[in-house]
There are 2 protein chains.
Amino acid sequence: MSTQTRAPLSRDRLLSTAAALADAEGLGAVTMRRLAAEVGVEAMSLYHHLPGKSGLLDSLAERVIEEIAAEVAAAGPAPQDWREDVRRRCLLARSVMLRHPWAPGLVSSRTEVPVAAYAHFEALVDSMVRGGLSYHLAHRALHALGSMALGYVSEIFSPAAAGGSTDTEAAEEQLAAMADVFPQITAMVAAELHDHNDPVLGWCDSQSEFEFTLDLLLDGLDRLRSDA
Amino acid sequence: MSTQTRAPLSRDRLLSTAAALADAEGLGAVTMRRLAAEVGVEAMSLYHHLPGKSGLLDSLAERVIEEIAAEVAAAGPAPQDWREDVRRRCLLARSVMLRHPWAPGLVSSRTEVPVAAYAHFEALVDSMVRGGLSYHLAHRALHALGSMALGYVSEIFSPAAAGGSTDTEAAEEQLAAMADVFPQITAMVAAELHDHNDPVLGWCDSQSEFEFTLDLLLDGLDRLRSDA
DNA sequence: ACCTGAACACCGTTCAAGT
DNA sequence: ACCTGAACACCGTTCAAGT
């Protein structure tokens, strides 16, 4: 189809083509061989620009999150009210997911959290903390809202993701590296680590997060009962 | 491994083996060839008991929902308080999902909602309506809580799922067939159809559902603010 | 540096053939 | 009725070879 076979093969062009292919025919249609054909080349050529199928999918997940960031940037300055800001960000995230129905499944199937997501989290935490939420509450909000937009966000910052070791030292190091770029996230993690220093479990107790969100919903429903 | 090669190949045994295989090595390990090998037979023999790979996965999704039902049954009589009942059901659903980490992804990747899920929905709606929630609110609750337990429940009762036609007639027929088995769900759908008879869109306006859940969470977070 | 052909070890599935 | 071998059209990936 492409009369533009002249365009040089690049990582970025491959990712765009892969995303378009997934939009049109589903994520199942994105195979190395098919993607190569779509761009007028043999399957093996892709390995010069991508580290393999799994890396392709990781990059694709990253791309979706970046698309959300672009959407947020295009929406203009953030509302000063934290609720409005958070609400708008969630709705924009959803609108992107609707454009790419394969995206939620892809993101939640990957073990690694897309790095672009951290900027998104930082903005959310910043907004919420300025709005009067504690770091603890902001953390829970991240899980509650994240599970809405993505389907599931099991463990946002797993120590295991950074390296093999599960000890607190590794977590502290990770923290220091993030401090400059993501100050609010760092403060949040530090506050949580300080409160309950449980080195064995990951510091995201997903059972607690689940129950928190569940009770938030049940409280809300109770308040809306007709006979209340 | 199986010294029990004597056991006759049956649909049920295949599904059990497939579930165990997914538990042990992930859903990716569940291939027709591997499943066959696991049970001491050639891949092609599976087609005598299963309609193919896609059917296998559908049945596997069904099985997980049935496991939740069994868990609920084992937990004894339902609490009379609607909140306690709904809460317990959600937590039990989650505990099953934790046993089968592949399950949420599988269920949400299937286009069809497992039929066993309707009994689950019926019980939830019944509990909530008795608790004073309107059918409308119960419907929204189903979406909000469903997205928690499964990651996502896009369209619970799509008219398209029943057949090709999207008109209200087909929906009415579907309704009549369900009335005996699932009276509360039927009443809920009837109430919703009556309120806003929008025959073009599916009656689950997922954008509205999303915003409803989002606002429920934001309201709850606002109420928990430290400076409130 | 970038692309390729042939090859390897996998998929799901069909079909004619065995018992 | 149930199982199988060979075959087909696919996968992702490696590797030596081309330019």
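Both backbone and side-chain heavy atoms feed into the values below; hydrogens, waters and symmetry mates do not. Chain letters run A, B, ... following the sequence lines, proteins first and then strands; every chain starts at 1.
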TODO: Quick one: look up who C:dA7 pairs with, Watson-Crick or G-U, both distances under 3.5 Å, and put none if it's unpaired.
DONE: D:dT13

- [ ] Give a yes or no on whether the backbone of A:A18 and the side-chain of A:E38 come within a donor-acceptor separation of less than 3.5 Å.
- [x] no

TODO: Can you tell me the distance, in whole Å, between the NZ atom of B:K53 and the P atom of D:dC10?
DONE: 17 Å

Task: Distance in angstrom units between B:L56 CG and C:dT13 C1', rounded - done: 14 Å

Open item on the list: Is it the case that the base of D:dC3 and the side chain of B:H48 share a donor-acceptor contact (distance under 3.5 Å, atom types as modelled)?
Closed with: yes

Open item on the list: Rounding to an integer number of Å, can you tell me how far B:E42 CD sits from C:dA17 P?
Closed with: 19 Å

Open item on the list: On DNA chain C, does the nearest nucleotide to A:R33 precede the nearest nucleotide to A:A43 from the 5' side, or the other way round? Give the residue.
Closed with: A:A43

- [ ] Report yes if a side-chain nitrogen or oxygen of A:Y47 is closer than 4.0 Å to either non-bridging phosphate oxygen (OP1 or OP2) of D:dT13; otherwise report no.
- [x] yes

Task: Under 3.5 Å donor-acceptor, A:R110 side chain and A:S54 backbone - done: yes

- [ ] Quick one: label B:M32 by what it contacts on the DNA or RNA (base, sugar-phosphate, nothing), any heavy atom closer than 4.0 Å.
- [x] sugar-phosphate

- [ ] Could you check whether B:S45 gets within reach of a base, just the sugar-phosphate, or nothing at all, counting any heavy atom under 4.0 Å?
- [x] base

- [ ] Round to a whole Å and report the spacing from CG of B:L57 to P of C:dC11.
- [x] 14 Å

Task: Nearest-nucleotide pick for A:L9, side chain only, options being D:dG12, C:dC3, C:dG12 - done: C:dC3

Task: Integer-rounded Å distance: C:dC11 P and A:R34 CZ - done: 23 Å

Open item on the list: I'd like to know if the side chain of B:E71 reaches the main chain of B:A93, judged simply by a donor and an acceptor atom lying under 3.5 Å from each other, with no hydrogens or angles considered.
Closed with: no

Task: Spacing between B:M44 atom CE and C:dC11 atom C1', to the nearest angstrom - done: 11 Å

TODO: Please state whether the rings of A:H143 and A:H139 are parallel, tilted or perpendicular, taking 30° and 60° as the class boundaries.
DONE: perpendicular

- [ ] Starting at atom CG of B:L27, determine the distance to atom C1' of C:dC11, rounded to an integer number of angstrom.
- [x] 14 Å

Task: Under 4.0 angstrom between A:H49 side-chain N/O and C:dA1 OP1 or OP2 - done: no

TODO: Can you tell me the distance, in whole Å, between the CG atom of A:L46 and the C1' atom of D:dC11?
DONE: 14 Å

Task: Within 6.0 Å of CZ in A:R11, more than 12 heavy atoms from elsewhere - done: no

